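What you see is a predicted model; the values in this text were computed from it and never measured. Keep in mind that the numbers below use all heavy atoms, side chains included, and drop hydrogens, waters and symmetry copies. So you know, we letter chains A, B, ... as the sequences are listed, proteins then strands, and number each from 1.
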2 protein chains.
Amino acid sequence: MFEEGAVLKKRYGEENVFDLSLGNPIIEPPAEFRRELKRLVEHPLQGMHRYMANAGYAETRTAVAEQIALETGIKFTMNDIVMTCGAAGALNAVLKTILNAEDEVIIFAPYFVEYINYVDNHGGVARVLPTDEQFIPRFDALEANIKARTKAVIINSPNNPTGVIYSEDVLHRLGEVLRKKEAQYGTEIFLVNDEPYRKLIYDGLKYPSPLRHHPRSIIVTSHSKDLALPGERIGYLAVHPDCSQKEELMDGLIFSNRILGFVNAPALMQHVVRHLQSVSVSITEYQQKRDFLYRQLTDMGYALVKPQGSFYMFPKSPLEDDVAFVRELQKLKVLTVPGQGFGTPGYFRIAYCVEDRVIEGSLDSFRKAAQKFGLTR
Amino acid sequence: MFEEGAVLKKRYGEENVFDLSLGNPIIEPPAEFRRELKRLVEHPLQGMHRYMANAGYAETRTAVAEQIALETGIKFTMNDIVMTCGAAGALNAVLKTILNAEDEVIIFAPYFVEYINYVDNHGGVARVLPTDEQFIPRFDALEANIKARTKAVIINSPNNPTGVIYSEDVLHRLGEVLRKKEAQYGTEIFLVNDEPYRKLIYDGLKYPSPLRHHPRSIIVTSHSKDLALPGERIGYLAVHPDCSQKEELMDGLIFSNRILGFVNAPALMQHVVRHLQSVSVSITEYQQKRDFLYRQLTDMGYALVKPQGSFYMFPKSPLEDDVAFVRELQKLKVLTVPGQGFGTPGYFRIAYCVEDRVIEGSLDSFRKAAQKFGLTR
């Protein structure tokens with residue numbers, strides 16, 4: 001995707017291609033980040049680029065624990081936290097730790113495509129389940145598909161690619177289903193939430209955390225989106241303090257983080273994010289982009305669920321064949337991603353974490369495509 | 001190891017424990033690194049913390065390629081390079097790419113213990129082969145143990161834990177054996193060199209690169225040791241330009257780097273090391289430490305191969321039971337690692353990448369242990 005976009009931009013000029021295909025925020029890190037980085041570089045701590053314990057610096061883990069405790073009201077300590085190379089590193093450490101060969105992991109379509117690869121990395125089997133028209137898991141399908149070998153359910157709220165946030169009610173029902181099936185099979189099932197967009201939520205919503213709905217829940221996340229640092233690979237995993245066999249689990253997670261080759265989360269960034277746990281990029285800016293683009297697209301006749309968070313939208317494709325539609329848009333120099341790439345054909349993803357001129361520049365093409373394929377409103 | 005040392009230091013005071021157990025250089029990064037980091041932070045490039053292509057920044061890959069070309073005389077380009085999260089990330093990407101289930105990887109004892117874990121991560125089988133008294137591979141054992149399923153031979157020169165460097169002659173013979181067996185089985189065997197200590201070599205030695213002795217050779221390395229940045233997880237892999245099916249191999253390596261959860265090497269450090277490819281920490285300082293400690297230990301009667309590079313020594317244990325001997329040293333407040341941890345009982349490892357006061361402070365204990373266990377000279 002990244003490379004294809006680069007080729008088009010080379011051919012037609014950067015300013016004539018409207019790239020809405022990548023979750024690579026154009027927004028620069030917040031001023032607090034720059035200040036903190038500058039302070040550290042001007043007054044370096046002794047040994048601040050050395051190895052530390054594989055779980056990360058105690059001070060950083062403590063800062064993360066305090067922030068999660070503040071947000072959820074659950075008593076987290078540094079012993080529940082492992083600093084990781086982004087959410088991707090965190091999720092791989094989790095899956096390496098909890099999966100035996102052929103164990104099953106449930107994910108919901110549309111899904112971030114890497115989940116399938118990550119489960120496969122560690123010998124597991126991904127079982128993809130459907131969501132409803134609002135992109136909320138279908139609980140009947142969930143109940144029917146949890147088996148004795150089901151080790152985890154991965155969710156992603158706020159969601160990529162839909163922007164949907166799971167409500168307290170949805171999370172409550174999820175937790176109930178998991179515990180019912182745990183009782184039935186005598187197993188334990190982890191609820192793993194990939195939540196890099198946790199702070200990117202709109203309309204003054206308070207974030208509903210899955211931690212409050214299942215004791216065997218694990219958070220995997222990063223500062224890629226909330227501090228706009230996707231290239232720096234700085235994130236963490238957090239295990240619910242009441243999780244069963246927690247010490248053994250934490251040992252496994254730290255060991256996995258080490259032997260998978262991550263070794264530890266990048267040192268300098270661990271130092272930097274220590275004091276930035278409550279900081280985030282401007283939500284207002286993203287919300288304005290969402291509001292503008294959502295209004296424009298619905299006015300043109302596109303059908304889409306209004307996103308509550310993250311910086312994606314997932315409209316219905318006017319053509320049944322979403323790949324063909326994305327190709328049509330590409331001819332009009334607008335880059336998006338077909339729903340097929342998220343296991344949900346018939347839709348396409350727009351990433352609006354881009355400059356306003358890119359969003360504005362894309363509108364003509366979206367309008368042309370809407371007219372060509374008979375959208376009316 | 002890291003945690004155990006911390007406990008002892010807490011109990012007896014930092015200054016009373018002589019920790020020679022960790023490859024965590026006490027030396028701070030060179031001045032050029034600090035300057036470059038400062039320059040970047042004071043004059044940030046637009047988007048310098050964003051995602052880039054998974055293989056890394058073109059400019060950084062080009063700088064790495066030019067440096068290797070300069071050192072080896074082989075025409076490397078950026079297309080032969082993938083920036084990685086340290087050498088550990090590089091080696092995992094390589095093994096993920098080249099191994100099918102049950103494929104064999106040959107390593108030589110003493111070895112860096114993580115090799116076993118890394119091979120296991122990707123469904124391979126590690127076959128450990130012996131070295132001679134000088135810690136050089138035994139070629140008869142190598143020939144006898146390469147089978148149709150052998151996909152790679154991992155070497156580590158300069159070596160952890162021995163400090164030995166494989167000479168041009170040793171590498172030439174290695175290459176010859178590999179090609180003989182490739183011809184016999186109709187297979188291709190990769191020679192993978194883990195070379196984070198490539199620039200830490202003494203006595204004015206010119207580094208003998210395996211690249212010049214086998215076309216299917218891959219370098220995995222990092223700036224953890226030469227720039228003293230082990231916590232930052234910045235490294236790369238380099239594939240011999242003449243390697244067979246190179247494009248397919250590179251695609252696999254970049255894909256593996258992505259799906260294993262590394263995604264890309266940390267962005268800021270990629271920017272920083274771009275201009276530091278010919279820079280290294282002071283070799284003189286390490287060489288002085290080696291000279292001093294080597295002389296002291298041999299004077300006490302310890303038997304050891306003189307290290308030519310890296311910052312480790314691997315003396316014979318005065319007790320047959322190296323774990324017991326390391327425990328004796330620990331009672332005397334000197335921390336080392338038993339040879340057993342490297343697959344070679346009867347030896348112990350000293351890491352001398354520490355302050356002189358730590359080396360000097362350890363001598364009394366080494367002397368006492370030598371006397372207790374009857375070393376004479």
Side-chain angles (χ1 to χ4, degrees), chain A residues 2-3 6 22-26 28-29 33-34 37-38 40-42 44 46-54 57 84-93 95-96 114 117-118 120-123 224 227-234 255 258-270, chain B residues 2-3 6 22-26 28-29 33-34 37-38 40-42 44 46-54 57 84-93 95-96 114 117-118 120-123 224 227-234 255 258-270:
Chain A
F2 197 94
E3 272 93 2
L22 292 172
N24 196 4
I26 199 75
E28 291 288 340
F33 168 84
R34 293 183 175 274
L37 179 59
K38 212 167 168 184
L40 264 164
V41 169
E42 278 167 10
Q46 205 198 358
M48 75 176 181
H49 305 289
R50 279 181 216 153
Y51 288 129
M52 77 299 309
N54 299 111
Y57 290 110
T84 63
C85 291
L91 189 46
N92 274 281
L95 294 171
K96 172 84 174 172
E114 298 292 54
N117 292 322
Y118 298 166
D120 184 65
N121 282 343
H122 308 292
S224 297
L227 295 178
L229 300 173
E232 301 299 353
R233 315 312 305 139
I234 179 71
F255 180 73
R258 190 190 100 199
I259 67 161
L260 288 175
F262 300 109
V263 183
N264 55 247
L268 179 59
M269 287 298 147
Q270 284 197 53
Chain B
F2 196 94
E3 273 92 2
L22 292 172
N24 197 3
I26 200 74
E28 292 287 340
F33 169 84
R34 293 182 175 276
L37 179 59
K38 214 166 166 183
L40 265 164
V41 169
E42 279 168 9
Q46 206 198 356
M48 76 176 179
H49 305 289
R50 281 183 214 152
Y51 288 128
M52 77 298 307
N54 299 111
Y57 291 109
T84 63
C85 291
L91 189 45
N92 274 281
L95 294 171
K96 172 83 174 171
E114 299 292 53
N117 292 321
Y118 298 166
D120 185 65
N121 282 343
H122 308 291
S224 297
L227 296 177
L229 300 173
E232 302 298 353
R233 316 312 303 138
I234 179 72
F255 181 72
R258 190 190 99 198
I259 68 161
L260 288 174
F262 300 109
V263 183
N264 56 249
L268 179 60
M269 287 299 146
Q270 283 197 54

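- Between chain A and the residues B/A265, B/G47, B/C85, the most heavy-atom pairs under 4.5 angstrom are made by B/G47.
- Remark: the backbone N or O of A/G231 is paired with a side-chain donor or acceptor of B/N264 at under 3.5 angstrom.
- The backbone N or O of A/P266 sits nowhere less than 3.5 Å from a side-chain atom of A/R233 that would complete a donor-acceptor pair.
- At a 4.5 Å heavy-atom cutoff, the contact between B/I26 and chain A is made by backbone and side-chain atoms alike.
- When B/Q270, B/E28, B/K38 are compared by the number of non-hydrogen pairs under 4.5 Å with chain A, B/E28 comes out ahead.
- Only the side chain of B/N92 comes within contact range of chain A, judged by heavy atoms closer than 4.5 Å.
- When all heavy atoms of A/A88 and B/G261 are compared, the pair lying nearest together is CB-O, 3.5 Å.
- For B/Y51 against A/G23, the heavy-atom pair with the smallest separation is CE1-O, 3.5 Å.
- Comparing A/R34, A/E114, A/Q46, A/R50 by how many heavy-atom pairs each has under 4.5 Å with chain B, the most go to A/R50.
- Contact count versus chain A (heavy atoms, under 4.5 Å) is highest, among B/E42, B/M48, B/H122, for B/E42.
- Residue A/A90 does not touch chain B at all, counting heavy-atom pairs closer than 4.5 Å.
- Heavy atoms of A/L91 lying under 4.5 Å from chain B are absent altogether.
- Only the side chain of A/F255 comes within less than 4.5 Å of a heavy atom of chain B; its backbone N, CA, C and O stay farther away.
- Residues B/K96 and B/N121 bring no donor and acceptor atom of their side chains to less than 3.5 Å of each other.
- Remark: the backbone N or O of B/M269 is not paired with any side-chain donor or acceptor of B/E232 at under 3.5 angstrom.
- A donor-acceptor pair is defined here as one N or O able to donate and one able to accept, closer than 3.5 Å; no such pair exists between the side chain of B/N117 and the backbone of A/I259.
- Across A/L268, A/L229, A/N54, A/L227, the residue that shares the most heavy-atom pairs under 4.5 angstrom with chain B is A/L268.
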